[in-house]
Amino acid sequence: METNKKMDLNNKAYYNNREVSWVAFNYRVIEESMDMKNPLLERLKFLAIASSNLDEFFMVRVAGLKDQVKLNFTERENKTQMTPTEQLIAIDEKNRENVRIQYKQYHKLLKELESFQVFFKTPDELSAENYEFIKQKFEFEILPTLTPLGIDAYRPFPKLTNKSLNIFVDVKDATGAKKSAIVQIPALLNRIIEIKDDQRRVYVLLEDIITHFIGRLFAGYEILRTFTFRITRNADLTIHEDGAEDLLIEIEKFLKKRKSGAAVRLEIDVRHDPTINGSFLTQELDIEERDIYKIDGPLDLTMLFQLAGMIGKKYPQLEFKPFEAAPPLALKEQNVYQTAKERDVFFHHPYESFQPIVDFIKEAAEDPNTLAIKQTLYRVSSDSPIIEALKHAAESGKQVTVLVELKARFDEENNVHWAKMLEEAGCHVIYGMTHLKTHSKITLVIKRENEELVPYVHLGTGNYNDKTAKIYTDMGIITTNKEIGQDAMNFFNYLSGYSEKPEYKKLHVAPFEIRDEFLDHIDQEIASHQANGNGLIIAKMNSLTDKAVIKKLFEASQAGVKVNLIIRGICCLKPGIPGVSENIRVISIVGRFLEHSRIYYFYHNGEERMYLSSADMMTRNMIKRVEILFPVLDEVIVTRLKDILALQLNDNLKAREQTNEGVYEYVRNDLEPTNSQEKLVQEAEQYKRSLVKKEVEPPRPMMSKRARLFDRVRARIRRN
């Protein structure tokens with residue numbers, strides 16, 4: 001332990017900056033567009049995902065840093081000791097390289113599409129027949145929707161909405177006087193125009209069509225130049241919760257302000273004129289030179305989702321083979337309530353269907369023995385069957401309490417809509433807690449069975465969203481454990497009424513309690529290792545940022561505990577540093593599905609502790625949110641989770657490992673090539689086939705062939 005005393009665990013060299021780590025994660029998303037094992041249209045989608053990610057990053061994280069700079073806030077963040085200005089500079093340096101690579105890939109993938117007779121053209125490149133088609137389309141479908149906005153003393157610079165596409169136009173009249181105007185591209189028109197051309201598929205972008213015919217909007221003027229631009233605005237404005245008589249009304253006011261927040265980024269399409277500098281726009285938008293991104297290609301590559309959808313209808317082989325989730329293994333074709341009375345029921349989405357979770361609510365709504373349903377909702381789909389079930393339950397006289405988190409970023413409008421609908425149906429709707437987001441995923445159903453009240457509790461790592469459950473990896477458990485049932489009742493009573501925070505028996509609830517639990521378990525693992533020499537911690541999450549937890553993991557590493565972290569996104573911990581984190585390994589898996597489940601495992605000399613949670617090891621999750629960490633009590637489920645962790649730790653196709661310099665490199669080893677996500681898809685498909693064959697005991701490699709995989713992985717970890 002002498003080393004422990006000498007090392008300063010606050011040394012900034014041991015940490016990654018949160019924002020720079022996020023930019024590195026977005027590069028890993030872009031990197032998926034380069035993986036030839038991904039179908040061509042899926043590679044295009046990864047470019048779209050990277051653009052969508054980056055928009056939110058600028059609207060929230062970059063906007064927050066810029067606000068700090070404007071307020072002359074120079075305090076250094078607590079890990080890498082960077083000031084807000086230094087963070088902005090570091091983000092800019094790495095992100096510009098990301099964007100350059102992203103657009104290089106965009107052009108490369110468009111060339112690959114040409115081998116399938118798919119072409120992107122500008123109006124100038126079209127045949128006479130196709131040109132006439134888009135000319136007619138412009139005259140009769142596009143032109144009537146356009147409004148030129150002149151800029152002069154009588155017509156001030158327009159308030160352009162966040163993320164909208166616009167065309168800047170410089171014109172000259174007959175006297176030689178120069179003027180400027182802006183044409184906003186209508187958001188409700190399809191951005192990609194398809195032209196039927198015999199065996200070929202030809203596409204033209206809406207902004208290119210408008211730009212080509214823009215003279216029709218400025219009769220009598222000469223068009224000097226045009227360029228497309230896009231503004232990203234601060235979308236993380238303050239919601240004034242204190243003193244608000246009705247948070248729902250306050251959120252609606254906030255949503256109106258978001259569209260016109262301060263500009264944080266200006267993107268300019270310089271395909272047709274690389275000399276454009278946007279100087280006039282920088283003055284009007286009050287931004288700096290470093291806030292301008294000159295793009296060699298169309299702005300906002302999220303339009304590639306639309307393109308992939310259009311092409312995929314004709315070329316399905318260019319997308320991932322369609323996958324339909326298997327029935328949950330734990331149900332064995334039984335009713336979820338019947339099974340839950342016998343044992344805890346485990347769900348692993350998207351490999352296993354989300355439908356039983358929907359049915360869990362629907363059946364509760366229809367069962368006359370159901371007395372009450374209580375649920376937290378953070379993000380739900382636009383046509384959620386769960387919302388419909390809750391409304392039906394309330395309308396049939398059941399007590400329905402729903403916590404709709406109105407502060408779920410970028411889902412506020414959707415959640416306001418659902419809150420109103422649920423209230424109209426007779427549900428008791430609460431909006432969360434002041435200054436805390438309720439991010440926990442929990443449902444409580446109370447039934448009367450044989451003159452006894454039985455609580456059924458669903459706890460999960462992901463949202464009650466039937467759409468994202470098909471593309472996010474998440475986990476959940478339904479249990480009738482009496483202590484968890486009592487904890488769930490206390491949890492909802494605490495949220496809906498006035499009482500001190502309950503003393504929970506099984507659940508651990510943030511703020512604060514989850515972090516305390518993590519720190520205690522790491523301390524226990526250190527003590528166990530010192531006594532037995534076999535310490536092991538495995539944690540899977542989206543992001544790791546909390547300094548107190550990171551320092552404790554450093555202490556565990558220094559004591560000799562082996563720490564394996566599976567972290568998709570931000571990781572502020574640097575592994576592999578001699579004397580500090582040499583016993584810590586960090587991998588990130590980016591693939592077909594968004595890794596979203598949170599699993600926490602502590603070996604404790606064989607007295608294993610396994611947890612699932614809605615929370616990452618992030619300060620915001622553990623201090624600023626209402627989250628739930630719940631234990632996995634069923635040994636069969638613990639075994640399945642260990643198998644899943646082992647499979648991911650063996651991934652050497654989609655996993656990247658972080659070096660001690662904070663750089664991610666593809667895992668390279670001599671193990672059998674393993675794509676953990678694809679392996680789980682294959683197993684789900686095999687299980688479905690076995691059900692069709694009516695096999696008595698359906699084969700499941702997860703439960704048989706890999707039964708000792710975790711032990712082998714643990715042994716390898718100890719050797720290394």
Side-chain angles (χ1 to χ4, degrees), residues 25-55 95-127 130 134 190-209 228 267 269-272 274 293-323 471 589-594 653-654 656 666 673 675 677-678 681:
F25 155 68
N26 211 37
Y27 174 74
R28 296 196 290 279
V29 176
I30 295 170
E31 208 171 29
E32 284 299 301
S33 74
M34 309 174 199
D35 188 340
M36 298 298 289
K37 292 185 289 293
N38 291 326
L40 179 53
L41 293 182
E42 302 296 343
R43 292 161 66 196
L44 277 171
K45 289 178 194 176
F46 278 112
L47 294 180
I49 292 168
S51 282
S52 177
N53 289 346
L54 191 59
D55 282 348
N95 189 54
R96 286 188 186 278
E97 178 63 10
N98 277 8
V99 172
R100 185 191 68 78
I101 295 169
Q102 182 185 18
Y103 275 87
K104 180 180 178 181
Q105 272 301 108
Y106 166 77
H107 292 299
K108 182 173 182 288
L109 295 181
L110 285 195
K111 290 298 292 182
E112 287 188 38
L113 278 175
E114 291 182 3
S115 64
F116 294 91
Q117 296 302 298
V118 174
F119 299 88
F120 253 94
K121 300 285 188 181
T122 63
D124 290 329
E125 297 170 326
L126 296 174
S127 66
N130 289 343
I134 65 160
N190 285 332
R191 186 164 171 208
I192 301 173
I193 310 301
E194 182 176 357
I195 302 173
K196 297 291 191 296
D197 185 11
D198 297 329
Q199 300 301 312
R200 304 194 316 164
R201 284 178 174 254
V202 178
Y203 297 97
V204 185
L205 289 173
L206 178 62
E207 63 263 36
D208 287 343
I209 295 174
T228 306
E267 297 170 281
D269 180 348
V270 297
R271 280 178 296 165
H272 309 301
Y293 279 74
K294 297 179 181 180
I295 306 295
D296 179 27
L299 309 180
D300 186 11
L301 291 185
T302 60
M303 58 94 174
L304 294 176
F305 287 125
Q306 180 190 351
L307 178 66
M310 297 166 79
I311 299 173
K313 293 175 182 176
K314 182 173 182 181
Y315 299 105
Q317 72 273 25
L318 298 183
E319 296 183 295
F320 286 127
K321 183 181 175 182
F323 168 68
I471 54 175
I589 296 174
V590 180
R592 174 176 182 173
F593 304 119
L594 181 86
L653 292 179
K654 289 300 180 183
R656 286 86 157 169
Y666 275 101
N675 177 336
Q677 292 186 354
E678 188 57 35
V681 166

In terms of side-chain geometry, is the basic nitrogen of [X] or [Y] positioned less than 4.0 Å from the acidic oxygen of its partner?
{"X": "Glu267", "Y": "Lys294", "answer": "no"}
{"X": "Lys45", "Y": "Glu319", "answer": "yes"}
{"X": "Arg191", "Y": "Asp208", "answer": "no"}
{"X": "Arg28", "Y": "Glu31", "answer": "no"}

Test log, rule side chain to side chain contact (heavy atoms under 4.5 Å, CB included), inputs Ile195 and Ile134 | CA-CA 8 Å; Ile195 302 173; Ile134 65 160; 3.7 Å; yes
Are the side chains of [Y] and [X] in contact, using a 4.5 Å heavy-atom criterion?
{"X": "Glu678", "Y": "Leu653", "answer": "no"}
{"X": "Pro39", "Y": "Gln317", "answer": "no"}
{"X": "Asp35", "Y": "Arg43", "answer": "no"}
{"X": "Val681", "Y": "Lys321", "answer": "no"}
{"X": "Leu109", "Y": "Leu304", "answer": "no"}
{"X": "Phe323", "Y": "Arg592", "answer": "yes"}

If you measure from [atom1] on [X] to [atom2] on [Y], what distance do you get to the nearest 0.5 Å?
{"X": "Lys104", "Y": "His107", "atom1": "NZ", "atom2": "NE2", "value": "11.5 Å"}
{"X": "Ser51", "Y": "Phe305", "atom1": "OG", "atom2": "CZ", "value": "8.5 Å"}
{"X": "Glu112", "Y": "Leu318", "atom1": "CD", "atom2": "CG", "value": "10.0 Å"}
{"X": "Ile311", "Y": "Leu40", "atom1": "CD1", "atom2": "CG", "value": "8.0 Å"}
{"X": "Asn95", "Y": "Arg100", "atom1": "CG", "atom2": "CZ", "value": "12.5 Å"}
{"X": "Phe25", "Y": "Asn98", "atom1": "CZ", "atom2": "CG", "value": "11.5 Å"}

Between [X] and [Y] (side chain of the first, backbone of the second, donor and acceptor by atom type, cut-off under 3.5 Å), is there such a pair?
{"X": "Tyr27", "Y": "Glu97", "result": "no"}
{"X": "Asn190", "Y": "Ile192", "result": "no"}
{"X": "Glu194", "Y": "Tyr203", "result": "no"}

Would you name the heavy atoms of [X] and [Y] that are closest together and state the gap between them?
{"X": "Tyr666", "Y": "Glu32", "result": "OH-OE2, 3.8 Å"}
{"X": "Leu44", "Y": "Leu307", "result": "CD1-CD2, 4.3 Å"}
{"X": "Tyr106", "Y": "Pro298", "result": "OH-CG, 3.3 Å"}
{"X": "Val270", "Y": "Asp296", "result": "CG2-N, 4.3 Å"}

Run the side-chain hydrogen bond (donor to acceptor under 3.5 Å, both in side chains) check on Asn38 and Lys654 step by step: do they pass?
-> CA-CA 11 Å; Asn38 291 326; Lys654 289 300 180 183; 3.3 Å; yes
Determine whether more than 12 heavy atoms belonging to other residues, nucleotides or ligands lie under 6.0 Å from atom NZ of Lys314.
-> yes
For Tyr315, ring-ring contact (aromatic ring centres under 6.0 Å, His included) partners two or more places apart = Phe116
Just jot down the ring-ring contact (aromatic ring centres under 6.0 Å, His included) partners of Phe593, sequence neighbours excluded, or say none.
-> Tyr351
Cation over ring face, Arg201 and Phe119, 6.0 Å, 45° | no
Thr302/Asp300 under side-chain hydrogen bond (donor to acceptor under 3.5 Å, both in side chains): CA gap, chis, key distance, verdict = CA-CA 5 Å; Thr302 60; Asp300 186 11; 2.5 Å; yes
Pair Ile295-Asp269, side chain to side chain contact (heavy atoms under 4.5 Å, CB included): steps then yes or no | CA-CA 5 Å; Ile295 306 295; Asp269 180 348; 5.6 Å; no
Could you go through the side chain to side chain contact (heavy atoms under 4.5 Å, CB included) check for Ser33 and Gln102 one step at a time?
-> CA-CA 9 Å; Ser33 74; Gln102 182 185 18; over 6 Å; no
Show your reasoning for whether side chain to side chain contact (heavy atoms under 4.5 Å, CB included) applies to Val202 and Phe120.
-> CA-CA 6 Å; Val202 178; Phe120 253 94; over 6 Å; no
Run through Asn130, Val204, Leu205 and flag the one making a side chain to side chain contact (heavy atoms under 4.5 Å, CB included) with Pro123.
-> Val204
